[in-house]
Amino acid sequence: MTAPVAALPSRSAPNVDQTFPKLTPPQIERVAAHGRRRRIEPGELLGTVGKVTPRFYVVSTGTIEVVQPGDNEKTTTVTAFGPGEFTGEVSMLSGRPSLVTLRVGEAGEVIEVERDALLSLVQTDAELSEIFVRAFLLRRAQLVATGYGDVVLVGSNHSSDTIRIKEFLTRNLHPYAFIDPDRDAGVQDLLDRFKFAIADLPVLICRGNAVLRNPTNRQIADCLGFNEAIDQADVRDVVIVGAGPAGLAAAVYAASEGLEVLVVESNSPGGQAGSSSKIENYLGFPSGITGQELTARAYTQSQKFGAELLIAEGATRLDCTRKAYTIEIDNGPRVPTKTVIIATGAEYRKLPLDNLTQFEGAGVYYGATFIESQLCEGEEVVVVGGGNSAGQAAVFLAQTASKVHMLIRSRGLAETMSRYLIRRIEESPAIVLRTCTELTALEGNGQLERVRWQTDHEPSESHDIRHVFVMTGAEPSTQWLKGCLTLDARGFIKTGPDLSRDDLSAAKWPLARPPHLLETSRPGVFAVGDVRAGNIKRVASAVGEGSIAISFVHQVLQE
């Protein structure tokens, strides 16, 4: 079983000149300096779907075809690269297995460049870097948009696990084809072929032969080879735990400055910001940018400079008994490192409702992305929270929902939300702001069907609403540190001048100098972003802290 054939970007599509650019003769010569010229013959395979493609090709003469394997050993030609054009998409930067098969069409000559040499080229040649990285991103975006890839997901949109898998693949920029049994009458034939029943859904068909029943995120990452190219035993200059905006910023700056970098992410890149529907107050994006777009660009940017990202592998313990730190990973080897940056962020605080977990992913959500918005199109929804994330979600959901009930415990939004969002909420006829109101009950059989809320001094009200978005406060993700670092009373990591003499004495701070600005109670261990005590809960400040931390990492490495 393979995913349905879907076209790569049409040669008449918008941005085609950037998606399939032709290099000039001087540009081709600069590429040739990093590789070698060689002949190619018809039918020769230069890359195979599901296998890492170690080489990048620029066509001098002849053609290289992108083909999709089908049933009965038949193949379909999707597109072809001619003279002056080049192969590759984002997997060339990440070192992950290829999503396409490359086969020579017409005989000719190519410039063959090893992947390491390509990474060196994009780091040193600004013009070629812009051309290649932009084309790689546009090609991957088209693969995602068309569902062209090596994954088929079969599951109901009413299933929390189906939503989880869709979000994991989407936030890791991995294209997939989706089959909904609620809408596709022929799904049973597919399930019969692989000996599965409807009760086994969701099912992920990975690379045409591996069939996974309700896989964990880690099982998906293993099947798709997300981490195959990473040697966890290597000693890095810095290991960054968490791939939200702060962690990704740290990765970009560290790798661009020549440090050996590994990022460890327990789920998907982006953190809370990755689920933001639209960020309109981030510098440089006057029309706004989604959290997914912003973090996807940062993700690719870090890989361009050589940072490695370990996906769906959570850090379980920091061994801080000695200067050469190690980080224990889920069911894996310890990762040694000279310095550590903790960017594990914070999670939305859970509502104090006894049956909350029963409806998480089945009517209760902690992010408002395109995936969730499609589930509640034309329906009423509830957004709980009064911060910027809640405001962004309410404005975004108002585009598809019939009504958005925004529940806040305070008497107004002025103290917790940016003014531009408050004005959007006030001006939207689809948003109803309910102050001094709390959600008191969730009801339903497997799927959320009704909610109850109560306003001060008023009887509680019941409403037939099936979708609740919770964005209330934050709990720091520091449980895995197990007492290794000094925390404040709320569990956030104390750093720099916030560490008192008593804190440093209790932690047995070993150096004559005080901790650097973002340094924790352990030398060479830094905390950035939402996990840090005193952090300003904004994407821009998280990015700033991630970049600033690298200047201190350099100083520690020189000590």
Residue pairs, two or more places apart or on separate chains, that pass side-chain hydrogen bond (donor to acceptor under 3.5 Å, both in side chains) and touch residues 234-243: Arg236-Glu308, Asp237-Lys338
field: Within 45° cone of Phe226 ring axis and under 6.0 Å: Arg96 NZ or CZ
entry: yes
task: Please determine if Arg139 and Glu85 form a salt bridge, counting it only when a charged side-chain N lies under 4.0 Å from a carboxylate O.
output: no
field: Donor-acceptor contact present, side-chain Arg115 to main-chain Leu93, <3.5 Å
entry: yes
message: Pair Asn267, Asn217 - check side-chain hydrogen bond (donor to acceptor under 3.5 Å, both in side chains), show working.
response: CA-CA 7 Å; Asn267 189 12; Asn217 291 349; 2.9 Å; yes
statement: For residues 358-368, the side-chain hydrogen bond (donor to acceptor under 3.5 Å, both in side chains) pairs (sequence neighbours left out) are Lys350-Glu360, Glu360-Tyr366, Tyr365-His467
message: I'd like to know if Arg218 and Asp330 make a salt bridge, using a cut-off of under 4.0 Å between side-chain N and carboxylate O.
response: no
task: Report the C-alpha distance between Leu397 and Ser373 in whole Å, list the side-chain angles of each, state the deciding distance to 0.1 Å, and finish with yes or no for side-chain contact (heavy atoms from CB on, under 4.5 Å).
output: CA-CA 6 Å; Leu397 293 168; Ser373 71; 4.2 Å; yes
- prompt: Considering residues at least two apart in sequence or located in another chain, which fulfil the disulfide (SG to SG under 2.5 Å) criterion with Cys206?
  reply: Cys223
query: Can you list every side-chain hydrogen bond (donor to acceptor under 3.5 Å, both in side chains) pair that touches residues 99-111, not counting sequence neighbours?
result: Glu65-Arg103, Thr75-Arg103
message: Just checking Arg297: does its CZ atom have more than 12 heavy atoms from other residues, nucleotides or ligands closer to it than 6.0 angstrom?
response: no
field: Which atom of Gly155 lies closest to which atom of Phe178, heavy atoms considered
entry: O-CZ, 3.1 Å
- request: For the residue pair Phe132 and Phe136, categorise the inter-ring angle as parallel (less than 30°), tilted (30 to 60°) or perpendicular (more than 60°).
  value: parallel
- prompt: Considering all heavy atoms of both residues, which atom of Pro202 and which atom of Ile165 are nearest to each other, and what is their separation?
  reply: CG-CD1, 4.0 Å
- request: Please report the closest heavy-atom contact between Val539 and Ala273, naming both atoms and the distance.
  value: CG2-CB, 4.0 Å
query: Which disulfide (SG to SG under 2.5 Å) pairs, counting each pair once, include a residue from residues 80-169, with sequence neighbours left out?
result: none
field: Tyr57 ring center near Phe81 ring center (under 6.0 Å)
entry: no
- request: Classify the side-chain pair Glu328/Thr326 by whether it contains a donor and acceptor separated by less than 3.5 Å.
  value: no
- request: Keeping to residues at least two apart or across chains, list the ring-ring contact (aromatic ring centres under 6.0 Å, His included) pairs with something in residues 93-126.
  value: none
